[in-house]
Amino acid sequence: MGRRGPALLAALTVAALAVGCTSTKSGSDESTGDGKTKIGLVTKTDSNPYFVALRDAAKAEADKHGAELVALAGKFDGDNDGQVAAIENLVQQGAKTILVTPNNSTGILGAIKKARDRGVLVIALDTETDPQDAVDATIATDNTNAGRLQGQYVKAALNGQPARSILLDGTPGSTVSEQRHAGFVEAAQPENLGTEATNGEQNKAQQATENLLQRVAGSVNSIYTLNEPAARGAYSALKAKGLADKVVIGSIDGSCDGVNAVKNGEIAVTVMQFPKKMAEQGVRFAIEFAESGEKPTGFVETETAVITDKPLAGIDSKDTAWGLENCWG
């Protein structure tokens, strides 16, 4: 992680780019033919607040540089076929760069290769492809480290008690889900009382927690969650059982809603990501590629921040006041 190629370092030094104003086009629009750089964005869904924030930041950055952004998405988390169709659509529309958050890190590879073979710059945002070099560059959180940071805090918050944890994962086979899970386990070294896939959805997480609590209610002292919707679902299940003040819930994302959940005491800690910075950097690389032909390479790691109102010795953290000022970058 954190690797950078020479072309990437050169791209990062770009300071001044052409500015202008344009409205973002819908996925069905054709090229205006006015010479504006067309940039495609393919997110996992168009409804998850995280990807809405990423998309809005990309739109704003494209407008700033006089480019046209075409934003498409899968129909649901895990919709690989929808993303394949979106990439093919963008290539036909003449997109010079495609930014993609892969639903399936291997299933999307064929569509990416076809796009790159046509000369399109392809950058993965938020989620890596497998292998990583299937795209020109990746801009993302170090998700293993994000899980590790969650695990370090949860372990410390238990004051020497061994972690006895429920683990609420995302979509089965998701690279992000696997990396965050692995990081948490490495740091917290929990006794695994049960693992469930939640697709990162609040209702599924609540149901999964309710089911697991029927077996482990007397033993659980911590819950790992892939993201904040899953954390809120876990909290609802614990609250219904009168266990909310006895279990440490950790999470990852850093949305304003998630930070408020930390502020309100529903979640003990969340690890903030910065999707706006991912999107802005991706668009800047796209502009540089259109102007000079320079391509970024390697992995660009975007920062993380531990957010909690209960700081612990040895763990660098920010409080929720800072979190609400900076949520999602």
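Computed from a prediction, not measured in an experiment: that's the story for all the values here.
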- Query: Would you say the side chain of Phe184 lies within less than 4.5 Å of the side chain of Leu167, judging by non-hydrogen atoms?
  - Reply: yes
- So, does Ser177 use its side chain to make a donor-acceptor pair with the main chain of Gly173 at under 3.5 Å? no
- Query: Do Glu61 and Arg284 pass the salt bridge (charged side-chain N to carboxylate O under 4.0 Å, His left out) test, and can you show the C-alpha distance, the side-chain angles, and the key distance before you say yes or no?
  - Reply: CA-CA 8 Å; Glu61 191 70 14; Arg284 288 194 292 269; 3.5 Å; yes
- Main-chain N/O of Ala205 paired with Thr209 side-chain donor or acceptor, under 3.5 Å: yes
- Query: Counting N and O atoms only, with roles assigned by atom type, does the side chain of Arg180 sit under 3.5 Å from a partner on the main chain of Gly147, one being a donor and the other an acceptor?
  - Reply: no
- Message: Between Thr225 and Asn227, is there a side-chain donor-acceptor contact under 3.5 Å, judged purely by atom types and distance?
- Response: no
- Item | Short side-chain to backbone donor-acceptor contact, Thr304 and Met272, under 3.5 Å | no
- Message: Please check this pair: side chain of Gln273 against backbone of Thr141, looking for a donor-acceptor N/O pair closer than 3.5 Å.
- Response: no
- Lys/Arg-Asp/Glu bridge criterion (N-O < 4.0 Å) met for Lys277, Glu303: yes
- Item | Note, Leu212 side chain near Glu196 side chain (heavy atom, < 4.5 Å) | yes
- Message: Under the side-chain contact (heavy atoms from CB on, under 4.5 Å) test against Ile98, which residue among Val70, Leu41, Val91 passes?
- Response: Val91
- Item | Backbone N/O of Ala268 and side chain of Thr308: donor-acceptor pair under 3.5 Å | yes
- According to a 4.5 Å side-chain heavy-atom criterion applied to Ile, Leu, Val, Met, Phe, Trp and Tyr, with indirect links allowed, do Val283 and Leu54 form part of one hydrophobic cluster? yes
- So, Thr45 and Asp77: side-chain donor and acceptor under 3.5 Å apart, yes or no? no
- In a check of side-chain hydrogen bond (donor to acceptor under 3.5 Å, both in side chains) between Ser105 and each of Asp130, Thr175, Asn80, which one passes? Thr175
- Query: Is it true that Glu68 and Lys36 make a salt bridge, defined as a side-chain N closer than 4.0 Å to a carboxylate O?
  - Reply: no
- Query: Mind checking whether Val100 and Val122 have side chains closer than 4.5 Å, heavy atoms only?
  - Reply: yes
- Item | Between Asn192 and Thr195: side-chain donor-acceptor atoms closer than 3.5 Å | yes
- Item | Pairwise distance CD(Glu266) to CZ(Arg232) - rounded to 0.5 angstrom | 8.5 Å
- Item | Lys/Arg-Asp/Glu bridge criterion (N-O < 4.0 Å) met for Asp63, Lys59 | no
- Query: Rounded to the nearest 0.5 Å, what separation is found between the CG atom of Asn221 and the CG atom of Leu243?
  - Reply: 11.5 Å
- Item | Pairs satisfying disulfide (SG to SG under 2.5 Å), at least one member in residues 141-204, at least two apart | none
Side-chain polar contacts of residues 159-166 - donor-acceptor pairs under 3.5 angstrom, sequence neighbours left out - could you list them?
unit_1: Arg164; atom_1: NE; unit_2: Ser219; atom_2: O; d: 2.8
unit_1: Ser165; atom_1: OG; unit_2: Ser222; atom_2: OG; d: 2.6

- Between Gln207 and Asn203, a side-chain donor and acceptor under 3.5 Å: no
- Item | Note, Thr106 side chain near Asn104 side chain (heavy atom, < 4.5 Å) | yes
- Asp169 backbone acceptor or donor facing Thr198 side chain under 3.5 Å: yes
- With no hydrogens and no angle check, do the side chains of Ser255 and Tyr50 hold a donor and an acceptor under 3.5 Å apart? no
- Are Glu128 and Thr138 close enough that a side-chain donor and a side-chain acceptor fall under 3.5 Å? no
- Task: Can you tell me which residue pairs pass the disulfide (SG to SG under 2.5 Å) test with a partner in residues 297-329, sequence neighbours excluded?
- Result: Cys256-Cys327
- Query: Do any N or O atoms from the side chain of Arg148 and from the backbone of Ala188 form a donor-acceptor pair under 3.5 angstrom?
  - Reply: no
- Any donor and acceptor pair, going by atom type alone, linking the side chain of Asn326 with main-chain N or O of Gly329 inside 3.5 Å? no
- Message: Is it the case that the side chain of Asp309 and the backbone of Thr320 share a donor-acceptor pair, with hydrogens and angles ignored and the cut-off at 3.5 Å?
- Response: yes
- Side-chain donor-acceptor pair under 3.5 Å between Gln206 and Glu210, yes or no? yes
